[in-house]
Structure formats: C-alpha cells, structure tokens
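This structure is a prediction, so every number in the text was calculated from the model and none was measured. Indexing begins at 1, ligand by ligand and atom by atom, following the structure's order. Heads up: numbering here begins at 1 and tracks the sequence.
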Amino acid sequence: MKRRTLLVGGAGAVAAAAVAAVVLWRPEDRGAPHDAYFSQLNGLLKREGPGHPVMLVDLDRMNHNIDVLTTSVGREKTYRVVVKSLPSVPLLRHVTARARTAALMVFHQPFLNAVAEVFPQSDVLLGKPMPVAAAEQFYRMLGHTPFDAAGRLQWLVDTHDRLLQYQALARKLGVSMRINVEIDVGLHRGGLPEPEALDALLATIASDDLLRLTGFMGYEPHLTGVNGGLEHPAVRDVLARYRGFIERTREHASGVTLDGLVFNGAGSHTLRIYERDRTMNDLSAGSGVVKPTDFDTFHLTDALPAVFIATPILKRYDGLELPGDPWAADVMQRWDPNRRRLYFIYGGYWKAKFVSPSGVPDALYHSTNQEPVSTSESVDLAVDDYMFLRPSQSEHVMLQFGDLRVVKDGELVDRWPVFHQTG
Ligand SMILES: Cc1ncc(COP(=O)(O)O)c(C=O)c1O
C-alpha cells in the first residue's frame, strides 16, 4: 500500500473516532422545567415568600415518612427521634406526637438544655459521649427546669475513664446519673470494643448508689445499603456482637438486671432491617423523616423527600457567560446543551443538590452570595421565580435558613423556629 493511502486511511479513522466521541460523550439535554409540584411551590413563594432563601418542610410527605418509620419500629420497640437531624422544637413536637413517642436522642449540650426545658416528659439518651465539662454545663444551666435529669436522662459513656469522670461529677453535684454504655458493634467509631470491657464499668456502677446502668447504644451505619435482611452476614455480625454485650451483662457477678434496659441502635438508613428482630428494643431515626439526598438509600425507598431549599432567581442570561475571554464559555455551551442558559440565585453553595429545575450541571464556580446555575434551553424561568434544592443532610443545614416554612396542600401553613447552635 502506498504511504499516501495509509495516511489518508489513518486520518479517516481519527475523524471517525472523533465523530463517535462527540456522539457518545456529548451530554444530552437533561433540563426540564418545574413539574406540577414545584410549579405550585414556585407560585406560592412568589405570592407569599419572603424573597430570600427558605427551607420548606412538606407536612403531608413528612407525615407519610413518620408513618413508614413507626410501622417499621412496630409496637414492641421504642422509636427514638434523633434531635440533631430534626433541630426544631415544633418539628420535634409534631414528630413525637404523630409517632406517639417520648424518646429522644440528643448530641449537643445546648440542644440538651433546650429539650429539657420544652420536653420535660421526654426520655433522653445522649447520642455521643459528652465531655464531662459539657455534662457539668448542662446541670449548671438546668436551673429550675422541671426536668427530672436523674430519672429521664441517660448519659452515654464509652470508656471506664469517662465513667469515673461522670462518677466524680455525680458526687460533686450530689446527683444520681443514669448511664448508657456505647458499644462497638462493628462501626469502629469508639465504644466498648468487646463484652469483657464491660466488667469494669458494671463493677463501678454496681458499687455506687449514684450510678445506674440503663442500657447500651450500638450504632451501625456501616450497614447502610446492605441489600438484605436479618440473614445478611453483616447484619448477623452486628446482632451477634450486640447480643455478646447483653449476655455478658446477664452473667456479670454484680447481678445487674436486664429488666427495663434500653438496647438502642439503628438510624434512618438501617432501621427497617430490624422489623422482625428482638435484640434491640429501641431504634433511632431522624433524617428519614425529611429524607435529604444522602438518605436515598436502600431501606428508605418508601420515604419521600420532604425538605427543600427554595431560593429566588436574581438574574438570567440566555447563554453561558464567564468572567474574561468569551471563548471558553462559547466552546462550553456549544458542547454541553445544559449550559446554554445562566441564572444567578440568591445565596448558594449549600450542602444540597438541585431538584428543580432538573438537569443542572455542576457549577463552574461557587458563590455563597450569588451562585451561578447553568441550565439547558428547556428551562425557562424568570427573575423572581424560585429554584429548589434538596439538602444532602438535614443536620446543620436546617439551621441555616431561620424558621422552617411548613407547606401543606400548596399553602404555607406555619413557621417553625429552629434550635440555636450555641447556648
Ligand atoms: C448514635 C446515632 N444513632 C442514630 C443516628 C441516626 O440519625 P439519622 O436517622 O438522622 O441518620 C446517628 C446519626 O448520626 C447517630 O450518631
């Protein structure tokens, strides 16, 4: 074959490959306007919204999720509501009332004092071991709150050393303390590593009238997404570890009784696994009530997204604009049909993903002040219309927008203040 024929043939192959690459890798138009649900919310917020970013909670969807969770927990176990994931007093009031539970799990001392004040009848378990200084701060701030800390609060203790610190505090303040022990059931985020480690704690508790054992907390989010139930090896491993701690307590010479002990575990991701299990009698969940995007996981498929960030559009361009030379923006929008329109929204760069309009590609740069949002030409929104995002988690993100705006049947029906992060 002649050299020229070879060269022409080679160039043809390169051109064919380039065409194939364009066909295969060129992004499709993924944009879509608001559907009926978000159009209604958009109209509502344009009429009655405050003109700045807000966090919406959909009451009907949330009620559905509460019912899904409480059905999984069943009548024989306690459903414990995770406060950090639903950080608002009226929100917690709603969830506990609908779920008919008084059990709460708290992770932050200022929230603990707030809970003691507004929910004096609740049964509170700490979700992480507090430094003893935070425990002391709790008692100092308790004042005349009608909360019976000795009877309704379970401090979480993860080591014998921490137990000795709490014992010293109990003696200093002259208060009785209920102690729940964090156990490691496979997560390896602390807690007692094996049942034998219980012995020293049980002995200390048994010898002190101010201390009482109230149970265990064994969290196991490493089972998130486990496609299977109680027979799955990873689940069996968690439950075997859990039972090992219970057995050790039953056999312990101190004669601690198992009656009435709280065997807590689970979280929104995993709670459903235990519907037919009786090892744990107390299951926690918070985030699943509102279902942020991190909770689009296997055991939560029946739950509905119920929390959204809504933010007004401030500016619109019919074409991609970037600072400086227009060349890059031109190439980009020719290549990607999802970058042919550019909006700027009020705020941005939250821990959240766009849900409506859909098909929003990653931002080319970020701003917490005015985030650029590219879309395809299929999205035809105007300045003052709203865009909607789903937070990736409710914890912390829910604290960033002031009062939650409660939506029901396309109406804004309430405003629910959120917790203060500091106290
Ligand atoms: C000890 C403990 N239990 C339960 C949960 C579950 O919370 P959620 O249902 O909001 O994921 C958490 C979350 O961090 C946790 O740390």
Side-chain angles (χ1 to χ4, degrees), residues 57 62 65-73 77-88 91-92 95-96 99 101 103-109 111-112 115 123-130 153-158 162 179-192 214-226 238 241-242 245 262-274 279-307 351 390-399 418-419:
V57 175
M62 184 169 69
N65 297 344
I66 298 168
D67 297 347
V68 166
L69 288 167
T70 47
T71 304
S72 281
V73 173
K77 296 178 200 138
T78 300
Y79 168 38
R80 188 169 294 277
V81 181
V82 176
V83 169
K84 72 177 166 69
S85 312
L86 302 166
S88 152
L91 173 57
L92 289 168
V95 177
T96 51
T101 182
L104 300 174
M105 179 173 263
V106 179
F107 294 74
H108 188 39
Q109 176 265 314
F111 292 4
L112 182 58
V115 161
D123 161 53
V124 183
L125 169 61
L126 270 293
K128 63 174 176 256
M130 288 283 136
L153 178 61
Q154 303 176 56
W155 291 109
L156 190 70
V157 160
D158 56 333
R162 199 183 302 277
I179 303 294
N180 189 298
V181 179
E182 181 176 17
I183 57 174
D184 183 3
V185 292
L187 174 62
H188 306 325
R189 186 183 75 176
L192 300 195
T214 52
F216 302 137
M217 190 285 280
Y219 185 44
E220 33 54 291
H222 57 292
L223 298 184
T224 301
V226 157
V238 162
R241 285 171 191 260
Y242 211 118
F245 287 94
V262 170
F263 297 132
N264 172 267
S268 302
H269 291 296
T270 58
L271 184 144
R272 201 165 83 182
I273 297 174
Y274 306 107
T279 309
M280 296 181 273
N281 57 19
D282 190 282
L283 303 180
S284 309
S287 310
V289 167
V290 286
K291 202 180 178 187
T293 57
D294 284 355
F295 290 78
D296 291 340
T297 54
F298 184 76
H299 292 287
L300 274 172
T301 40
D302 290 348
L304 301 167
V307 64
K351 270 172 164 284
R390 279 178 71 200
S392 58
Q393 58 177 64
S394 55
E395 173 183 355
H396 193 65
V397 186
M398 266 191 159
L399 301 175
V418 293
F419 278 120

Sequence neighbours excluded, the answer for side chain to side chain donor-acceptor pair (under 3.5 Å) partners of S72 is E275
Kindly print each ligand 1 N/O atom paired with any protein N/O atom under 3.5 angstrom away, one pair per line, or none if nothing qualifies.
residue: ligand 1; atom: 9 (O); partner: S268; partner atom: N; Å: 3.0
residue: ligand 1; atom: 9 (O); partner: S268; partner atom: OG; Å: 2.5
residue: ligand 1; atom: 9 (O); partner: G286; partner atom: N; Å: 2.8
residue: ligand 1; atom: 10 (O); partner: S85; partner atom: OG; Å: 2.6
residue: ligand 1; atom: 10 (O); partner: S287; partner atom: N; Å: 2.9
residue: ligand 1; atom: 10 (O); partner: S287; partner atom: OG; Å: 2.5
residue: ligand 1; atom: 14 (O); partner: K84; partner atom: NZ; Å: 2.7
residue: ligand 1; atom: 16 (O); partner: R189; partner atom: NH2; Å: 3.2

Criterion side chain to side chain contact (heavy atoms under 4.5 Å, CB included) against K351, the qualifying member of T293, V397, D294: V397
Using a 3.5 Å distance criterion without hydrogens, assess whether the side chain of T101 forms a donor-acceptor pair with backbone atoms of A103. yes
May I ask you to decide if the ring planes of F111 and F419 are parallel, tilted or perpendicular, using 30° and 60° as cut-offs? parallel
With side chains defined as the heavy atoms from C-beta onward, is the minimum distance between M130 and L156 less than 4.5 Å? no
What distance separates I183 CD1 from R241 CZ, expressed to the nearest 0.5 Å? 10.5 Å
